[in-house]
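Inspection log for the structure reproduced underneath, given as structure tokens.
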Amino acid sequence: MLDQKLLRTELAAVQANLGRRGFPFDAPAYRALEERRKALQVRVEEARNARNVQSKSIGKARAAGEDIQPLLDAVRSLGDELQSAEDEFEGVQTGLRDVQLSLPNLLHESVPAGTTEADNVEIRTWGEPAELGFEPQDHVALGVGLGQLDFDAAALITGARFTVMRGPLARLHRAIIQFMLNLHTEQHGYTEIYAPYLVNARSLEGTGQLPKFGADLFAIAGDQDFYLIPTAEVPVTNLVRDSIIAADQLPLKFVAHTPCFRSEAGSHGKDTRGMIRQHQFEKVELVQIVRPEDSYATLEELTGHAEIVLQMLGLPYRVTALCAGDTGFGAAKTYDIEVWLPGQGRYREISSCSNCESFQARRMSARWRNPATGKPELVHTLNGSGVAAGRALIAIMENYQTADGGIRVPDVLLPYMHGMERIGG
RNA sequence: GGAGAGGUGGCAGAGUGGUCGAAUGCGGCGGUCUUGAAAACCGUUGACCCGCAAGGGUCCGGGGGUUCGAAUCCCUCCCUCUCCGCCA
């Protein structure tokens, strides 16, 4: 959600900024609605004040033993007037809020111009795609060949876009998760969080998935209004909802491993092969709650924490700055990290690190007490994958494959694999 | 699942339908005293909205109702706690 003051005072600038995303914002209509709100609010408050004053005088008169009947008659009609003004005011308020909740975040000035993925800007690369010396297989061929990746079984149990893993491959997947959690908690100072996988609508509104992107979510059947989390960002960021955080508590650094559930509505036909795009996948998520002045330094730091995972796993990657049109709804600026997949012969997203500035904080009413002003002020929130476990598994399979269809285990994962150095082959 | 109790300011905890945004205590902040600190004493201390300001308005878990007027009465939902049952 954007600052209402900004929407009142800098409407043209807001419109221009949102325009960079290609977001059509009807500023004149918004201004008209806002002006109506203001007029109505004044009217309601004046009516309420008149009623309060009158009612108070009734109390005093009665305490003094006077006849209050004339006063009662005089006040009665004020209540009716107030009621109708309130109803109208409420309608306008709701309309305004609907618009506000549907506006994406303002972009940081450093976000490159552009409309699609193709306009994203490469910031840096790390590692060199390995020379395998043979024709690389993709993770599907490798996993199915080993008998450890089973899409048919998943289709039988559930349906399309699910995976069954067996044996050492399932263990490798778990090892990746353990490795990442240990790294972030022991080396990077994050506090491990275990959080619910089902959340309520308010949490999803807080982080920005609702009200606009309900189609991307799985809602559970039954009388409870719960949704499966599309990312740990939702429960973990909402830890600070409706709270005022002491200055010395910041920054808050949280890491959580959770499954993620996405309906992938609108992506029919995309990445249908393999486990690149699933309805259910595991992810280790980094979340930081910081002072506003620190958030851009934190974005660099947090992105670095995700990069170290890939460096330690020996996976070549590149970092890109998302362009204006490709930056997500709640983000002011986003870096994507893309890992090299020999089987596809290209880089694929494995992490997305965003600074949401005060966008989520405002929706969540998440604040800190600024010692400089003594007042509660909005925090900045950041999140990033550190990293997606399913895609990390794919990257390891394809980058560490051997000519005989086996997979070597990266050195840093050996302790988690009980010394198993290779799978298959 | 059954029975009961309760949700009030940073925390604890009062509050007869009118003078209650709310007693009191703790905590916080400022001051007096002190070489400094503690103690004691004095003062001060919620959030949000409109407004340049003066000022006005809203908020006692959420929503609805009764009333001229609701923290207080009624309905409903949510949450917490206790006991029983069940379970990992």
Side-chain angles (χ1 to χ4, degrees), chain A residues 1-11 30-101 194-206 210-211 220 222-227 235 238-250 252 358 361-379:
Chain A
M1 211 152 63
L2 304 182
D3 184 358
Q4 287 192 50
K5 280 199 185 96
L6 210 61
L7 281 165
R8 280 196 287 269
T9 59
E10 307 288 341
L11 190 60
Y30 184 85
R31 188 185 294 280
L33 199 57
E34 166 59 22
E35 273 165 12
R36 241 182 100 212
R37 178 206 60 81
K38 194 165 173 175
L40 277 167
Q41 179 160 348
V42 170
R43 211 174 105 203
V44 165
E45 292 189 357
E46 278 174 354
R48 209 174 338 237
N49 185 31
R51 189 206 60 189
N52 288 350
V53 169
Q54 292 274 37
S55 287
K56 227 163 240 186
S57 73
I58 291 177
K60 281 180 187 155
R62 208 181 59 163
E66 296 168 17
D67 177 19
I68 58 172
Q69 193 52 49
L71 286 169
L72 286 182
D73 298 339
V75 172
R76 187 165 280 122
S77 67
L78 282 177
D80 299 337
E81 268 175 52
L82 177 60
Q83 189 61 51
S84 71
E86 272 180 339
D87 290 347
E88 198 181 344
F89 179 53
E90 221 165 277
V92 171
Q93 284 272 68
T94 304
L96 264 180
R97 187 172 166 77
D98 287 349
V99 174
Q100 286 163 4
L101 283 175
Y194 172 82
Y197 303 154
L198 292 173
V199 294
N200 57 38
R202 267 204 69 194
S203 292
L204 288 157
E205 193 177 289
L210 289 179
I220 65 159
D223 53 1
Q224 300 258 55
D225 183 25
F226 292 153
Y227 298 81
N238 272 279
L239 283 171
V240 297
R241 195 175 78 205
D242 295 326
S243 67
I244 300 173
I245 302 158
D248 61 10
Q249 299 292 299
L250 298 177
L252 293 172
S358 60
R362 190 170 292 106
R363 289 169 163 249
M364 293 191 300
S365 187
R367 295 166 297 172
W368 67 300
R369 198 170 291 276
N370 184 347
T373 62
K375 293 278 179 193
E377 296 172 13
L378 295 169
V379 294

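Note on naming: letters A, B, ... go to the chains in the order of the sequence lines (proteins, then strands), and numbering restarts at 1 for each one.
If you check every strand for non-hydrogen atoms under 4.0 Å, A:Arg202 touches nothing.
Here the C1' atom of nucleotide B:U58 and the CD atom of A:Glu86 are 11 Å apart, to the nearest Å. The CG atom of A:Leu378 sits 9 Å away from the P atom of B:C48 (whole-angstrom rounding). For A:Arg97 and B:C48, the CZ to P distance is 16 Å, given to the nearest whole Å. In this structure, A:Phe89 atom CZ and B:C49 atom C1' are separated by 8 Å, rounded to whole Å. Rounded to whole Å, the distance from CG on A:Asp225 to C1' on B:C77 is 13 Å. Rounding to whole angstrom units, CD1 of residue A:Ile244 and P of B:A47 are separated by 7 Å. To the nearest angstrom, P of B:G62 lies 17 Å from CD of A:Glu205. Rounded to whole Å, atom P of B:C49 lies 16 Å from atom CZ of A:Arg48.
Going from atom CG of A:Leu378 over to atom CG of A:Asp3 covers 8.0 Å, rounded to the nearest 0.5 Å. Rounding to the nearest 0.5 Å gives a distance of 12.5 Å between CG of A:Leu250 and CZ of A:Arg369.
The salt bridge (charged side-chain N to carboxylate O under 4.0 Å, His left out) test applied to A:Arg241 returns no partner, not counting sequence neighbours. Residues that satisfy the side chain to side chain donor-acceptor pair (under 3.5 Å) test with A:Asn200, not counting sequence neighbours, are A:Ser203. A:Pro211 meets the side-chain contact (heavy atoms from CB on, under 4.5 Å) test with A:Leu101, A:Arg363; sequence neighbours excluded. For A:Glu86, the side chain to side chain donor-acceptor pair (under 3.5 Å) test picks out A:Arg48, with sequence neighbours left out. For A:Ala85, the side-chain contact (heavy atoms from CB on, under 4.5 Å) partners are A:Arg43, A:Val44, not counting sequence neighbours. Partners of A:Tyr227 under the ring-ring contact (aromatic ring centres under 6.0 Å, His included) rule, at least two apart in sequence or in another chain, do not exist in this structure. Scanning for side-chain contact (heavy atoms from CB on, under 4.5 Å) contacts around A:Glu35 gives A:Arg31, with sequence neighbours left out.
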Q) What string of B, S and - do you get for nucleotides 65-75 of chain B 5' to 3' if you count protein non-hydrogen atoms under 4.0 Å? A) ---BS------
Which pairs of donor and acceptor atoms, one on a side chain in residues 242-249 of chain A, lie under 3.5 Å apart (sequence neighbours left out)?
{"residue": "A:Asp242", "atom": "OD2", "partner": "A:Arg202", "partner atom": "NH2", "Å": "3.3"}
{"residue": "A:Ser243", "atom": "OG", "partner": "A:Val240", "partner atom": "O", "Å": "2.6"}

Tabulate below the donor-acceptor pairs under 3.5 Å that side-chain atoms of residues 87-100 of chain A make, not counting sequence neighbours, or state none.
{"residue": "A:Asp87", "atom": "OD1", "partner": "A:Gln83", "partner atom": "NE2", "Å": "3.2"}
{"residue": "A:Thr94", "atom": "OG1", "partner": "A:Glu90", "partner atom": "O", "Å": "2.9"}
{"residue": "A:Arg97", "atom": "NH2", "partner": "A:Glu205", "partner atom": "OE2", "Å": "3.0"}
{"residue": "A:Gln100", "atom": "NE2", "partner": "A:Tyr30", "partner atom": "OH", "Å": "2.9"}

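Side-chain contact check for A:Ser358 and A:Arg362: at least one donor-acceptor pair (N or O, by modelled atom type) lies under 3.5 Å.
Atom C1' of B:G27 sits at a distance of 37 Å from the matching atom of B:U76, rounded to the whole Å. When the C1' atom is used for both B:U67 and B:C75, the distance is 16 Å, rounded to whole Å. Comparing the P positions of B:U24 and B:C42 gives a spacing of 13 Å, expressed to the nearest Å. Here, B:A70 and B:U8 have their C1' atoms 14 Å apart, quoted to the whole Å. Here the separation of B:G30 from B:A38, taken at their P atoms, is 11 Å to the nearest Å.
In terms of position along RNA chain B, the nucleotide closest to A:Arg369 lies nearer the 5' end than the nucleotide closest to the other residue of the pair A:Glu90 and A:Arg369.
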Any protein N or O atoms within reach of nucleotides 53-56 of chain B? Criterion: under 3.5 Å, listing atom names and distances.
{"residue": "B:G56", "atom": "O3'", "partner": "A:Asn49", "partner atom": "OD1", "Å": "3.2"}
{"residue": "B:G56", "atom": "N2", "partner": "A:Glu45", "partner atom": "OE1", "Å": "2.9"}
{"residue": "B:G56", "atom": "N2", "partner": "A:Glu45", "partner atom": "OE2", "Å": "3.4"}

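Interface residues of residues 30-40 of chain A facing RNA chain B, ordered by number: A:Arg37, A:Lys38; criterion, heavy-atom separation under 4.0 Å.
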